[in-house]
Amino acid sequence: MTSIDYRLPQRRVLVTALPGPRSAALTARRQAAVAAGVGSAAPVYAADVDGGVIVDVDGNSLIDLGSGVAVTSVGASHPRVVAAIAEQAERFTHTCFMVTPYEGYVRVAEELAALTPGGFDKRTALFNSGAEAVENAVKVARLATGRPAVVAFDHAFHGRTNLTMALTAKSMPYKAHFGPFAPEIHRMPLSYPYRDEAGLTGEQAARRAISRIEVQIGADSVAAIVIEPIQGEGGFIVPAPGFLATLAQWARERGVVFIADEVQTGFARTGAWFASEHEGIEPDIVAMAKGIAGGMPLSAITGRAELLDRVHAGGLGGTYGGNPVACAAALAGIEVMRSLDLPARARAIETAVVPRLRELAADTDVIGDVRGRGAMLAVEFIRPGTDAPDPQLANAIAAEALSRGVVLLTCGTYGNVIRLLPPLVIGDELLADGIGVLAEVVRDLTR
Ligand SMILES: *Cc1c(COP(=O)(O)O)cnc(C)c1O
C-alpha cells in the first residue's frame, strides 16, 4: 500500500470514561426521539472519522475495527471520495435515473461489469441498500426462469425487508414477530467446517444440500440459490473448499440462477475484489452494497445480460436507486481501492492478524475457531472444554474493548463470534494496538 495522508492522528486516546458525558447526553435524547428497535453496538457518538479512528463527541479517539459493518473500506472521509461527492452535489443531487439519466450511473455499471467475476456480457441495476439488491436479484431470477422457489442457507443474512427477512436464517433480532414472511423460500444446510461432523468435505456438504433441494423442492421449481460466499452476520463462516463450486455447477446444469450475496464480502474486503474469486466461481448475479461507495448508500446487482435484460422497462429501479452523488462516491472509491491495491492490503491484514489470533487461541481455552479471509476475520468463543457457544463472553469482550477504546462487533447465529472488519486503510501500528487490546481483554476476562 502506498502511504496515506491521514487527516486525524491515528492513535487510540481516551480523555473520558466511555461513554463520555456528551455521548451519554445524546443517548438520553435519543431514547426520547429514536425508535428503540434501532440498536447501536457502541453507545458513543461519532464526531469525526478518518482512516482507522473514530473521534467521538467527547474527544476520545477510538480504533475502528468495524468500518460501520464493512462499509468504509477506504475510510469514512477519504479526500478523493469527499471531493467527488462535493463536486457532484454542486451540479445536481438527484434527477432520478428513471426520469433523466446521467453518466455516473452508466460508468458505475461499466466498472462493476469489469470488476465482478466472469468474462461474459453483463448488465447492472443500481439501488440503495443491500436488502434491495438481494430482493431485486430474486425478482430477476424468478422472471427469467419462470420458477417460484428460492434456496437460502442456514446462518444466512440477507436483509430486513419482507423478502430478505424470509431469506435470513436468524429469528432474533431480525425476524421475530415480524411475520408472516414471503413464501417459497427453502432453507438448506450450509458447510460450517467448525461445527460440521469432522471430515465432511465441501463437496459432500453441497451434495447434502442438493439432495434435499431435489427431494423437497424439485430442481425445475427452483429459480435461484442465494448464498453469501462467506457468511457475514451468521458468523464469518467460510465454507469448506468445493462447497460453492459444487453448488454453482449443479445450478448451471439445472438452469437455476446462482446469486452471490457479496454485500459484505465485496470490494476488496476478503483479499480479492469479490469472495467468489477464492473459490473460482462466476455467479450469474452478484449483489453488492456496503463497501461499494466509500460510505454512501448505494447497492447493485450485476449479472448475465441474458438474465437482466429479460426484465421489461420499469420492472427494476427506484426513485433514488443509483443516486448521482452515491455514484460519484463509488467511482472515486473504486479508484482509491485500485490505486492503493486494497485487495493486497486486505491480504496483508490477514497475514498480520491471524497469527496473533491463533496465539491467543492457543493461550486460552475459550476460543473454538479462528477463521476468515483478508480483513474479514473472526474468533468464535466457546465454553472451555466444549463447543458450546459463549455469547455472554463475546458481548463482554466487545463491551470491555470499547471501554478501552476499540470498537469491535459481534456476530454469529449464536452471538458468540467477535468479527474484525477494520477499514482497509488502517495503519499497521493502529491495527496492532487494536488487536493487542482484544487479546488483553480476552486474557483479563478469562483469567
Ligand atoms: C448487510 C447485509 C445485507 C443487507 O444490507 P442492507 O444495506 O443493510 O440492506 C444483505 N446481505 C449481506 C450479506 C449483508 O451483510
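Model, not experiment: these values are computed from the prediction. Ligands are counted one by one from 1 in listed order, and the atoms in each one are counted from 1 as well.
- Among Asp261, Thr168, Thr164, the one residue that satisfies the side-chain hydrogen bond (donor to acceptor under 3.5 Å, both in side chains) test with His158 is Asp261.
- Taking distance alone, with nitrogen or oxygen atoms compared against 3.5 Å, Gly130 approaches ligand 1 more closely than that limit.
- Annotation for ligand 1: atoms under 4.0 Å from non-hydrogen atoms of Gln264 are 15 (O).
- Between the side chains of Arg254 and Gln249, no donor-acceptor pair of N or O atoms lies under 3.5 Å.
- Between Lys290 and ligand 1, at least one N/O pair is under 3.5 Å apart.
- With 3.5 Å as the limit, one finds no donor-acceptor pair spanning the side chains of Thr246 and Arg207.
- Among all non-hydrogen protein atoms, the one lying nearest atom 4 (C) of ligand 1 is Ala131 N, 3.6 Å.
- Below 3.5 Å of separation, one finds no N or O of Glu228 facing any N or O of ligand 1.
- When distances from atom 8 (O) of ligand 1 to the protein are checked, no heavy atom turns up under 4.0 Å.
- Neither side chain, Arg347 nor Thr270, offers a donor N or O lying under 3.5 Å from an acceptor on the other.
- Evaluation of the side chain to side chain contact (heavy atoms under 4.5 Å, CB included) rule for Pro389 yields Arg195, Pro391, Tyr414, Asn416 as partners, not counting sequence neighbours.
- Of the listed residues (Asp261, Ile230, Val71), the one carrying the non-hydrogen atom nearest atom 11 (N) of ligand 1 is Asp261.
- A cation-pi geometry, defined here as NZ or CZ lying under 6.0 Å from the six-membered ring centre and within 45° of its normal, holds between Lys175 and Phe181.
- A distance of 8.0 Å separates CD of Glu262 from CD of Glu277, quoted to the nearest 0.5 Å.
- Of the N or O atoms in Val134, none lie within a sub-3.5 Å distance of an N or O in ligand 1.
- Contacts of Ala289 with ligand 1, taken as heavy-atom pairs under 4.0 Å, are absent altogether.
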